[in-house]
Q: 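Below is one structure. I have some questions about it.
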Amino acid sequence: MSEPRNPYPTVDVIIEIADGVVFIERANTPRGWALPGGFIDYGERPEDAAVREVREETGLDVELVSLLGVYGAPDRDPRQHNLSVVYVGRASGEPRGGDDASAARVFAPDAPPSPLCFDHAQILEDYRRFKASGAIPPPRGGERAGQHGGEA
């Protein structure tokens, strides 16, 4: 019997600070800018992983205020299939790069740094829509939710 093969669980956090959002410049490949986040450790709650990753990568203590969504397209990360739980949080202070982030800076949500890694441009677009309307983005994918060809 073969071992199960599943996506790796991760978290990303849109950190609202002052009039902007915190991005990190990645020190490792893929290079570019990203939302702070990382892998959920075995036995760790996603919320705790989000707070830990933000502290490690930006030096900030974040308060999580909302779940934006779960992003799991198999090609969202070129390294492997990662599934990300994405939170919106608030923090204050001056972010500084740490751990695997060479820098951490605040950018306006409508003027992010470039290039953005992974599917973070889509996440940021969903966040801007969420802030404008209050609506959580609907699930997306190849098939609409609930239409899988079988009986419910």
Side-chain angles (χ1 to χ4, degrees), residues 1-16 21-60 62-91 95 97-107 109-131 133 135-152:
M1 185 173 218
S2 65
E3 289 291 316
R5 193 165 174 209
N6 300 313
Y8 292 89
T10 67
V11 292
D12 290 301
V13 184
I14 297 170
I15 306 167
E16 300 174 333
V21 171
V22 176
F23 289 89
I24 59 153
E25 188 171 23
R26 293 181 46 80
N28 301 313
T29 56
R31 299 284 182 152
W33 291 88
L35 296 165
F39 292 96
I40 301 170
D41 292 337
Y42 186 82
E44 185 176 38
R45 293 172 7 146
E47 299 86 351
D48 296 336
V51 169
R52 174 184 54 77
E53 286 288 345
V54 166
R55 189 174 301 119
E56 289 173 1
E57 292 186 341
T58 71
L60 298 171
V62 68
E63 174 191 1
L64 301 178
V65 295
S66 180
L67 174 67
L68 184 66
V70 177
Y71 295 77
D75 61 351
R76 69 178 301 272
D77 187 326
R79 299 169 297 180
Q80 63 202 14
H81 185 183
N82 292 332
L83 177 122
S84 185
V85 180
V86 180
Y87 296 97
V88 176
R90 293 191 187 113
D99 194 27
D100 58 352
S102 60
R105 293 185 39 211
V106 178
F107 292 85
D110 58 351
S114 181
L116 286 178
C117 294
F118 315 117
D119 58 354
H120 291 190
Q122 178 65 58
I123 293 170
L124 191 59
E125 181 181 321
D126 289 347
Y127 166 74
R128 288 191 303 262
R129 201 172 304 123
F130 166 69
K131 291 303 282 186
S133 70
I136 298 293
R140 66 178 56 84
E143 295 182 6
R144 291 191 304 155
Q147 295 184 349
H148 299 290
E151 293 184 20

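Position 1 is the first residue of the sequence; numbering continues from there. Worth knowing before you read on, the calculation uses all heavy atoms, side chains too, and leaves out hydrogens, waters and symmetry mates. In this text, all values refer to a predicted model and were calculated from it rather than measured experimentally.
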Q: Identify the heavy atoms of Pro46 and Val11 that sit nearest to each other, and give their distance.
A: O-CG1, 3.5 Å

Q: Before giving the answer on side-chain contact (heavy atoms from CB on, under 4.5 Å), spell out for Tyr87 and Val54 the whole-Å C-alpha distance, their side-chain angles and the decisive distance to 0.1 Å.
A: CA-CA 11 Å; Tyr87 296 97; Val54 166; over 6 Å; no

Q: Which value, rounded to the nearest 0.5 Å, describes the distance between Leu83 atom CG and His81 atom NE2?
A: 6.0 Å

Q: Quick one: pull up CZ in Arg90 and CG in Leu64 and give me the separation to the nearest 0.5 Å.
A: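 One finds 11.0 Å between CZ of Arg90 and CG of Leu64.
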
Q: Say you draw a straight line from CG of Asp100 to CD of Glu57; how long is it, rounded to the nearest 0.5 Å?
A: 4.5 Å

Q: Could you tell me whether the side chain of Lys131 reaches within less than 4.5 Å of the side chain of Glu16, counting heavy atoms only?
A: yes

Q: For residues 29-42, please give each side-chain donor-acceptor pair under 3.5 Å, one per line with the distance, not counting sequence neighbours.
A:
from: Arg31; atom 1: NH1; to: Ala27; atom 2: O; distance (Å): 3.0
from: Arg31; atom 1: NH2; to: Ala27; atom 2: O; distance (Å): 3.1

Q: Is any side-chain heavy atom of Arg79 less than 4.5 Å from a side-chain heavy atom of Asn28?
A: no

Q: Identify the two heavy atoms, one from Pro109 and one from Pro112, that lie closest to each other, and give their separation to 0.1 Å.
A: O-CD, 3.9 Å

Q: Under 3.5 Å, is there a donor-acceptor pair linking the side chains of Asp12 and Ser84?
A: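 Side-chain D/A pair, Asp12 to Ser84: present.
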
Q: When you compare the side chain of Val85 with that of Pro9, does any pair of heavy atoms fall below 4.5 Å?
A: no

Q: Check the side chains of Tyr71 and Asp126 for a donor-acceptor pair under 3.5 angstrom, ignoring hydrogens and angles.
A: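 There is such a pair between these side chains.
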
Q: Give, for atom OG1 of Thr58 and atom CD1 of Ile15, the distance between the pair rounded to the nearest 0.5 Å.
A: 4.5 Å

Q: Apply ring pair (Phe, Tyr, Trp, His ring centres under 6.0 Å) to Phe118 and list each qualifying residue two or more places apart in sequence or on a separate chain.
A: His120

Q: Are the side chains of Tyr127 and Val21 in contact, using a 4.5 Å heavy-atom criterion?
A: yes

Q: According to side-chain hydrogen bond (donor to acceptor under 3.5 Å, both in side chains), who are the partners of Glu56, at least two apart in sequence or on a separate chain?
A: Arg52

Q: Is it the case that atom CZ in Arg129 sees more than 12 heavy atoms from other parts of the structure closer than 6.0 Å?
A: yes

Q: Looking at every heavy atom in both Asn82 and Arg76, which two are closest together, and how far apart are they?
A: O-CD, 3.1 Å

Q: Mind checking the CD1-CG spacing from Ile123 to Leu116? Nearest 0.5 Å is all I need.
A: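 It comes to 10.0 Å.
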
Q: Starting at CD1 of Ile14, measure out to CG of Leu68 and round the result to the nearest 0.5 Å.
A: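 One finds 5.0 Å between CD1 of Ile14 and CG of Leu68.
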
